Each structure stands twice: as C-alpha cells, then as structure tokens.
J.: 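The following block contains the structure, expressed as structure tokens.
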Amino acid sequence: MDAVSKTSPTTATLKVGDDSWELPILSGTIGPDVVDIGKLYGQTGMFTYDPGFTSTASCESQITYIDGDAGVLLYRGYPIEQLAENGDFLETCYLLLYGELPTAAQKADFDYRVTRHTMVHEQMSRFFHGFRRDAHPMAVLVASVGAMSAFYHDSTDISDPQQRMIASIRMIAKMPTLAAMAYKYSIGQPFVYPKNDLDYASNFLRMCFSVPCEEYKANPVLSRAIDRIFILHADHEQNASTSTVRLAGSSGANPFACIAAGIACLWGPAHGGANEAALKMLGEIGSVDRIPEYIKRAKDKNDPFRLMGFGHRVYKNYDPRAKIMQKTCHEVLGELGIKDDPLLDIAVELERIALQDEYFVERKLYPNIDFYSGITLRALGFPTAMFTVLFALARTVGWIGQWKEMIEDPGQRIGRPRQLYTGAVQRDYTSIARRK
Ligand code: CMC
C-alpha cells in the first residue's frame with residue numbers, strides 16, 4: 001500500500017547540532033500527516049521515544065478513521081451515526097472486512113456463511129467444564145478463543161487466503177456462542193445451541209437468556225439495541241487491543257491466538273473494562289447528592305480515583321458513540337418499562353456537573369462509550385462481568401479486519417519496537433560468596 005503522495009512540504013528537517021537530515025512526510029486521505037522515521041536509526045543512530053504512542057502512527061490503514069477533536073468516527077468512510085441508524089451488525093462486519101457495503105446478494109451470502117458457522121466443536125463444552133464456575137467470563141473467553149486454534153487447526157495457515165477467510169468467519173460466527181457459553185457456565189445453566197433462523201443479535205440474546213424448559217421469544221427492540229451496541233464497538237483504529245492483535249500477528253501467529261491476545265488486552269480497566277468499572281462507580285456513588293464528593297475526588301491528584309467512562313486518549317470532544325449509546329439506553333429502559341433507574345439519574349447528573357466543571361472542560365474530558373453502556377447492558381439482563389465480553393464479541397471483527405489488512409500488506413514485517421535503556425551498564429559477574 002502506498003500513502004497518498006503530497007505536493008508540499010514533502011520532507012521535514014531534523015537538526016541535531018551541526019548535522020541535519022531530511023525525513024519524508026507522508027499524507028493520508030484525511031488526518032494528520034506523518035513524518036516517516038523508518039530510516040532514522042540507520043541514518044542518525046538515534047531512536048525516537050514515545051512510550052504511550054501519543055504521536056506515533058504504528059501502521060498504514062484504510063479501515064477506520066477518528067477525528068478526536070471533531071468527535072468523528074468513520075468505518076471505511078461511513079459515519080458511525082449513519083451505520084448505527086440504518087445498518088445492521090453483519091453489514092458492518094462485511095464493510096470492515098471487504099471495504100464496501102454489500103449488495104443485497106452479497107449480504108445474503110455473508111449472513112448465510114456466518115450463520116453456518118455458529119456452532120462450536122462439541123468437545124469445546126468439555127473444555128469449558130474444566131473452569132471454576134466463579135471464573136471471570138473474560139478469563140474463560142481468552143482461553144476458549146485461544147483454544148480455537150486447537151479445535152480449528154485447518155484454518156490456521158495464514159499464508160492461505162482461503163484459510164484466513166474461514167478463520168475470520170468462524171470467529172465472527174462463534175464468538176456469540178462462546179460468550180453465551182461463558183455466561184451460562186458461570187450461572188450453572190445448560191449451554192444453549194445457536195438457532196440459525198434468528199438474526200445475529202437475537203440468536204445471541206437467546207443463547208444467553210433462554211432455558212430448555214421454556215419457549216424464548218426475541219424482543220425486536222432489545223435485539224436491535226444489542227445489534228447497535230455491536231456496531232458501535234466494531235472497530236476503533238489502532239487502540240491498545242487492536243495494536244496487540246497486530247503485534248501478535250506480525251510474528252506470523254495464527255489468527256485465533258492473535259484475537260485471544262486482543263481479548264486479554266481489552267480486559268484492562270483503562271480499555272474495555274471501563275464499562276464494568278463505570279457501572280460499579282455509579283453504584284458506589286449511590287445517590288445524586290454524593291456526586292460533588294466524587295467530582296472532588298476525581299480532581300484530586302493525590303487520589304487515584306478517576307471518573308470511569310470519562311475521558312479518551314483520542315476524543316477531545318463528545319465520543320460520537322456515547323451519544324448513540326445514550327439514546328439506545330433510553331430506548332432499552334423505555335421498552336423494559338424501567339421508568340426510574342437510580343443509576344441513570346446519577347449518570348445524567350454526573351455528566352451535567354462534569355461538563356460544566358472547569359477541570360473537565362479544560363482537559364476536554366467528555367463521556368465516552370462506556371459511560372452509558374453499563375446501564376444499558378444491565379437493563380438487558382447482563383451481569384457486570386459480562387460487559388467486557390460483549391465488547392470483545394463486537395470488536396472481534398475489527399481485530400480480524402486489521403489483522404487481515406496487515407497480513408495482506410506485502411511490506412509487512414515483524415513489529416519490533418526499541419527502547420531507551422536506563423539500566424546498569426556492562427559489569428562483571430561476581431560469585432555469590434563475594435556479593436555484599
Ligand atoms: N477522571 C479524572 N481525570 C481524568 C480522567 C478521568 N476519567 N481522565 C483523564 N483525566 C485527567 C488526567 O488526570 C490528566 O490530568 P492532568 O493533565 O492534570 O495530569 C488529564 O486528564 C489527561 O489524562 P491522561 O491520563 O494523560 O489521558 P490518557 O489519554 O493517557 O488516558 C484514558 C485516557 C481513557 C485512559 C483516561 O481518560 C481514563 O483513565 N479514563 C477513565 C477510564 C475509561 O473510561 N476508559 C474507557 C476509554 S473508551 C473505551 C475504550 O477505548 O476502551
């Protein structure tokens with residue numbers, strides 16, 4: 001892949017003392033230009049230093065674009081608002097994987113291919129039975145997705161495009177089944193097999209909430225809500241878990257192992273674990289009159305407390321996903337007849353106060369997607385431990401799309417960052433008797 005070439009300026013000059021070097025500047029279709037430092041070490045003997053990757057583009061990509069200042073998120077050029085309003089999750093999956101929205105025939109074929117792969121190897125249920133019942137479902141998901149490379153070894157050859165596609169479809173199709181199994185196992189209920197005449201979201205809800213002794217009827221409003229939540233989480237360019245997937249994949253590791261690595265990274269509270277943490281925080285605040293106390297704590301540099309579901313590395317404006325999530329939250333509560341949710345009252349008031357507070361305004365801290373997702377998922381019947389599992393389910397397509405893009409790039413090399421070493425300089429070994 002080649003970045004779009006630029007007319008001027010095409011180079012940046014790096015000056016160190018009396019020496020200077022010309023570094024190429026590359027431009028994308030939108031977004032900031034990048035200074036290409038690929039040859040910097042060879043030319044200057046120096047590395048660049050950017051531990052949190054705040055100024056570093058780690059790859060070239062054509063999948064997702066974020067303008068954090070304007071609060072814009074595009075999948076393959078399409079605004080997230082339009083996709084969430086008009087499309088469905090499998091259409092979004094197709095778009096992310098293939099680059100274009102499907103025609104009706106392509107969509108029907110894709111839905112069919114995904115639906116045919118929803119069952120997991122029967123032996124996997126025995127694998128699940130090895131876990132403790134009180135295991136966190138994210139721990140179970142990391143392990144079971146990693147184990148897919150043992151169960152589906154016939155789609156682990158990454159040099160074969162056909163195997164890459166089968167592995168991709170398998171993961172999109174089986175993730176809801178595995179996520180629902182992790183949930184069912186934790187509450188001691190039997191696993192529910194997928195039902196292929198249902199749409200993706202309804203099938204997932206049924207696998208989570210039906211029991212063999214009763215008929216289950218999918219509620220279209222709730223199915224639509226969960227489908228929209230999946231669309232909102234489907235991709236988010238080079239975030240921590242996606243970068244983890246790319247780095248793991250750069251060594252040639254199989255796709256199931258790479259996605260398991262992404263799930264492990266997503267689990268952290270600064271990333272996908274924030275929805276669980278945000279809901280816990282709202283519960284801990286407990287009532288609207290205690291909000292000022294928590295705002296004060298969030299601003300206190302000696303207190304590690306942060307407002308969970310607030311702030312974002314890239315968005316310095318309202319997270320566009322948070323707006324849609326807030327609307328979805330109201331729709332779900334309305335459909336379920338939940339007129340007064342004390343946690344929603346706290347969330348709305350907390351947002352109102354924080355958005356007027358100088359500390360949050362100055363730092364451009366706005367609600368992110370996780371602020372309202374916890375309330376919505378809880379109303380849908382999911383326990384907090386499942387929140388990040390749902391995030392992982394939805395993000396799987398983004399991880400796969402990014403992994404495929406990397407593998408299919410002819411210029412792809414193993415990712416190997418360098419470091420600023422500040423440890424001991426070379427010294428001689430001393431025998432244990434002579435050590436002080
Ligand atoms: N509450 C209070 N202060 C905050 C918060 C917060 N939630 N977030 C950032 N700040 C302050 C931070 O203390 C710092 O202040 P100062 O400049 O005075 O030192 C300033 O804002 C910049 O913060 P930072 O930690 O340098 O920003 P970052 O880009 O490294 O971190 C973040 C981004 C999302 C990890 C952080 O905002 C955070 O911890 N938020 C809460 C967790 C959360 O909601 N995460 C979900 C992210 S969205 C879903 C996803 O992508 O996974």
Side-chain angles (χ1 to χ4, degrees), residues 50-56 64-69 71-73 75 80 138 229-245 261-285 291-326 346-347 350-351 353-377 384 387-396 398-399 402:
D50 183 16
F53 296 108
T54 47
S55 304
T56 298
T64 293
Y65 174 74
I66 303 173
D67 182 337
D69 294 322
V72 168
L73 169 61
Y75 292 165
I80 188 68
M138 277 300 275
I229 291 171
F230 291 163
I231 295 174
L232 297 182
H233 287 89
D235 195 41
H236 215 224
E237 53 119 305
Q238 309 312 320
N239 56 81
S241 56
T242 303
S243 300
T244 301
V245 170
I263 297 172
C265 175
L266 184 76
W267 194 0
H271 193 5
N275 49 16
E276 187 175 342
L279 194 80
K280 279 189 184 147
M281 175 195 75
L282 294 173
E284 194 189 311
I285 296 175
I291 292 174
E293 179 196 326
Y294 281 83
I295 296 265
K296 199 169 156 220
R297 282 188 61 195
K299 294 179 348 187
D300 181 356
K301 292 291 162 213
N302 299 316
D303 188 329
F305 174 77
R306 280 187 168 201
L307 277 194
M308 298 314 285
F310 254 77
H312 198 275
R313 170 61 63 80
V314 181
Y315 293 118
K316 301 303 168 199
N317 200 325
Y318 213 101
D319 178 342
R321 303 168 303 170
K323 282 191 192 142
I324 308 167
M325 185 57 84
Q326 190 187 29
I346 296 169
L350 184 62
E351 176 183 343
I353 296 178
L355 291 183
Q356 290 174 353
D357 190 293
E358 204 182 313
Y359 174 96
F360 293 89
V361 174
E362 246 176 30
R363 290 167 180 76
K364 299 186 176 159
L365 299 170
Y366 292 86
N368 59 50
I369 188 169
D370 292 324
F371 195 62
Y372 286 102
S373 63
I375 300 174
T376 317
L377 295 177
T384 47
F387 293 177
T388 317
V389 170
L390 270 84
F391 191 159
L393 187 173
R395 182 56 59 83
T396 295
W399 289 329
Q402 302 269 351

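As the structure is a prediction and not an experimental result, all values here were calculated from the model. Just so you know, ligand 1 is whichever comes first in the structure, and atom 1 is the first atom listed for that ligand. For this chain, numbers begin at 1 and follow the sequence in order.
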J.: Show which atoms of ligand 1 fall inside a sub-4.0 Å distance from at least one heavy-atom site of Lys301.
T.: 12 (C), 13 (O), 15 (O), 16 (P), 18 (O), 19 (O)
J.: Looking at Glu284 and Lys280, is there a salt bridge between them, counting it only when a charged N and a carboxylate O are closer than 4.0 Å?
T.: no
J.: When only distance counts, is Tyr359 in polar contact with ligand 1, meaning an N/O pair under 3.5 Å?
T.: yes
J.: Is there a nitrogen or oxygen of Gly309 sitting under 3.5 Å from a nitrogen or oxygen of ligand 1?
T.: yes
J.: Run down the list Pro304, Ala298, Ala278 and name the one with the heavy atom closest to atom 2 (C) of ligand 1.
T.: Ala298
J.: Check each of Glu362, His312, Arg297, Lys316 against atom 51 (O) of ligand 1 and report the one with the nearest heavy atom.
T.: His312
J.: His236 versus ligand 1: do any nitrogen or oxygen atoms come within less than 3.5 Å of each other?
T.: no
J.: For the ring-ring contact (aromatic ring centres under 6.0 Å, His included) test, which of Tyr318, Tyr359, Phe360 pairs with Phe310?
T.: Phe360
J.: Which residue holds the protein heavy atom closest to atom 26 (O) of ligand 1, what is that atom called, and what is the gap in Å?
T.: Arg306 NH2, 4.9 Å
J.: If the plane angle is over 60° it's perpendicular, under 30° parallel, otherwise tilted; pick one for His236 and His312.
T.: perpendicular
J.: Which of these, Trp399, Phe387, Phe391, sits in a ring-ring contact (aromatic ring centres under 6.0 Å, His included) with His233?
T.: Phe391
J.: Could you walk me through whether Tyr294 and Phe305 pass the side chain to side chain contact (heavy atoms under 4.5 Å, CB included) test, one step at a time?
T.: CA-CA 8 Å; Tyr294 281 83; Phe305 174 77; 3.6 Å; yes
J.: Does an N or O anywhere in Asn368 fall below 3.5 Å from an N or O of ligand 1?
T.: yes
J.: Any nitrogen or oxygen of Ile369 lying under 3.5 Å from a nitrogen or oxygen in ligand 1? Just yes or no.
T.: no
J.: Are any side-chain N or O atoms of Ser243 and backbone N or O atoms of Gln238, one a donor and one an acceptor, separated by less than 3.5 Å?
T.: yes
J.: Would you mind checking which non-hydrogen protein atom is closest to atom 20 (C) of ligand 1, with the distance to 0.1 Å?
T.: Arg363 CD, 3.8 Å
J.: What is the closest protein heavy atom to atom 34 (C) of ligand 1, and at what distance does it sit?
T.: Gly311 O, 3.7 Å
J.: Under 3.5 Å between any N/O of Leu307 and any N/O of ligand 1: does that happen in this structure?
T.: yes
J.: What protein heavy atom sits nearest atom 42 (C) of ligand 1, and how far off is it?
T.: Met308 CE, 3.4 Å
J.: I want to check something: taking the side chain as every heavy atom from C-beta on, are Tyr366 and Asp319 in contact at a cut-off of under 4.5 Å?
T.: no
J.: Heavy atom under 4.0 Å from ligand 1: found in Asp319's side chain, backbone, both, or neither?
T.: neither
